[in-house]
Number of protein chains: 2
Amino acid sequence: MAQKQPDPPRPTDAELEILTVLWSRGRSTVRDVHDAIALRKPTQYTTVLKTLQIMAEKGLVRRDEEQRAHIYEASRPREWTQSQLAADLLQRAFSGSAKSLLLGALSAHKVSREELAELRKFLEEYEKGTR
Amino acid sequence: MAQKQPDPPRPTDAELEILTVLWSRGRSTVRDVHDAIALRKPTQYTTVLKTLQIMAEKGLVRRDEEQRAHIYEASRPREWTQSQLAADLLQRAFSGSAKSLLLGALSAHKVSREELAELRKFLEEYEKGTR
DNA sequence: ACATTACTACGATGGCATTCGTATGTCAAG
DNA sequence: CTTGACATACGAATGCCATCGTAGTAATGT
């Protein structure tokens with residue numbers, strides 16, 4: 001019987017950055033992750049390593065130790081974690097009002113007309129789906 | 001000439017909770033804030049006091065020391081801070097995709113049919129506004 | 001006048017996040 | 001075999017967050 005793993009805690013800023021790399025690259029070595037992150041921000045290799053080790057303890061990532069260079073992967077899919085984060089902020093800062101959240105996002109971060117239309121379409125579809 | 005205050009940093013969890021009280025109550029004493037928070041969560045008075053003092057240092061709140069019981073108020077309106085937080089999460093976790101953010105929020109936090117309709121209306125209006 | 005209550009200030013603690021340096025082990029090239 | 005490149009492990013420094021206890025002081029009630 002498959003054991004249900006407990007929900008990992010909310011990732012911190014540095015952890016989220018690493019998760020982003022793992023989500024887009026898939027299974028990766030520490031070096032892979034470090035290289036990707038070092039492009040945008042000077043970072044020591046061991047810093048990434050240590051953070052990944054901690055993330056493994058927390059259950060945010062899984063580690064495959066078969067090879068000498070261990071291989072890491074996110075233990076939860078991107079969508080799941082994003083959902084957690086969105087719901088968390090929704091509660092903490094918006095008292096559960098999805099409308100306020102959307103308003104806040106739109107007013108600070110200008111989105112293109114195209115994305116706006118997409119957004120509306122998505123919402124219409126979603127509304128149909130729950131009818 | 002009015003000095004432009006620097007943007008206060010992103011509020012922490014405890015700080016956000018206090019800000020929420022200040023936004024809904026307006027100018028408040030430490031006691032007011034404490035009473036409001038203690039309803040949902042056992043908290044020492046001095047914990048709230050200390051946090052408010054730190055928030056004042058950071059510029060998250062303003063303090064009026066005229067009376068013996070100092071009076072605090074949020075230095076930024078709710079909408080402004082919410083915007084910051086939404087935009088921050090949008091960047092950090094959603095690579096700027098407002099659609100993903102909305103999808104995440106909706107999939108974790110079930111919203112009523114009414115709110116969904118409201119949301120759609122709001123989006124339509126917003127779209128008109130930027131045309 | 002004295003005791004009680006209400007307030008601020010502040011130090012201290014424990015925990016976590018982030019970062020880095022160093023130690024140590026493995027492997028392959030010369 | 002020795003060296004250099006590359007890997008993990010891990011201790012430690014630093015700083016912030018959240019919390020609380022204590023001290024000191026002003027106001028209030030008896």
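Lettering follows sequence order; numbering is per chain, from 1. Being a predicted model, the structure only gives us computed values, none of them experimental.
- Of the two residues contacting DNA chain D, namely A:Thr46 and B:Ala14, the nearest-nucleotide position lying further toward the 5' end is that of A:Thr46.
- Look at A:Arg31 and you'll find a side-chain N or O under 4.0 angstrom from OP1 or OP2 of D:dA7.
- A salt bridge is defined here as a Lys NZ or Arg NE, NH1 or NH2 lying under 4.0 Å from an Asp or Glu carboxylate O, and B:Arg25 with B:Asp35 fails to meet this definition.
- Not one side-chain nitrogen or oxygen of B:Thr51 sits closer than 4.0 Å to the OP1 or OP2 atom of D:dC17.
- If you take CD of B:Glu57 and P of C:dT8, they are 15 Å apart, rounded to a whole angstrom.
- Closest contact between the side chain of A:Arg68 and the listed nucleotides C:dT26, C:dT8, C:dA17 involves C:dT26.
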Q. Checking side chain to side chain contact (heavy atoms under 4.5 Å, CB included) for the pair A:Leu60/A:Glu15: CA distance, chi angles, key distance, verdict?
A. CA-CA 9 Å; A:Leu60 286 168; A:Glu15 288 167 351; 3.4 Å; yes
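- Checking C:dT8, D:dT8, C:dT19 against every side-chain atom of B:His70, the shortest atom distance belongs to C:dT8.
- When heavy atoms are screened at a 4.0 angstrom cut-off, B:Thr47 is found touching base atoms of the nucleic acid.
- Comparing D:dT8, C:dC20, C:dC10 against the side chain of A:Lys50 picks out C:dC20 as the nearest.
- C:dC7 atom P lies 14 Å from atom CD of B:Gln44, rounded to whole Å.
- Closest approach of B:Tyr72 to B:Val61, counting heavy atoms only: CD2-CG2, 3.8 Å.
- Between A:Leu49 atom CG and D:dA12 atom P there is a gap of 18 Å when expressed in whole angstrom units.
- Atom CD of B:Gln67 and atom P of D:dT28 are 11 Å apart (whole Å).
- Between B:Leu22 and B:Glu73, the closest side-chain pair of non-hydrogen atoms is not below 4.5 Å.
- One atom, CD of A:Glu17, and another, P of C:dA17, lie 15 Å apart when rounded to the nearest Å.
- At the heavy-atom level, A:Ile54 lies under 4.0 Å from base atoms of the strands shown.
- At whole-Å resolution of the value, CZ in B:Arg10 and P in D:dC16 are 14 Å apart.
- Regarding B:Leu16, its CG atom lies at a distance of 14 Å from the C1' atom of D:dC17, rounded to whole Å.
- Contact between the side-chain N/O atoms of B:Gln53 and the OP1/OP2 oxygens of C:dA9 is found at a separation under 4.0 Å.
- Of the side-chain N and O atoms in B:Arg63, one or more sit less than 4.0 angstrom from OP1 or OP2 of C:dA9.
- With C:dC7, C:dC20, C:dT18 as the candidates, the nucleotide lying closest to the side chain of A:Asp13 is C:dT18.
- At whole-Å resolution of the value, CG in A:Leu52 and P in C:dT19 are 12 Å apart.
- Here A:Arg120 pairs with A:Glu124 in a salt bridge; the nearest charged N to carboxylate O distance falls below 4.0 Å.
- Between A:Tyr45 and D:dT8 there is a side-chain N or O to OP1 or OP2 distance below 4.0 Å.
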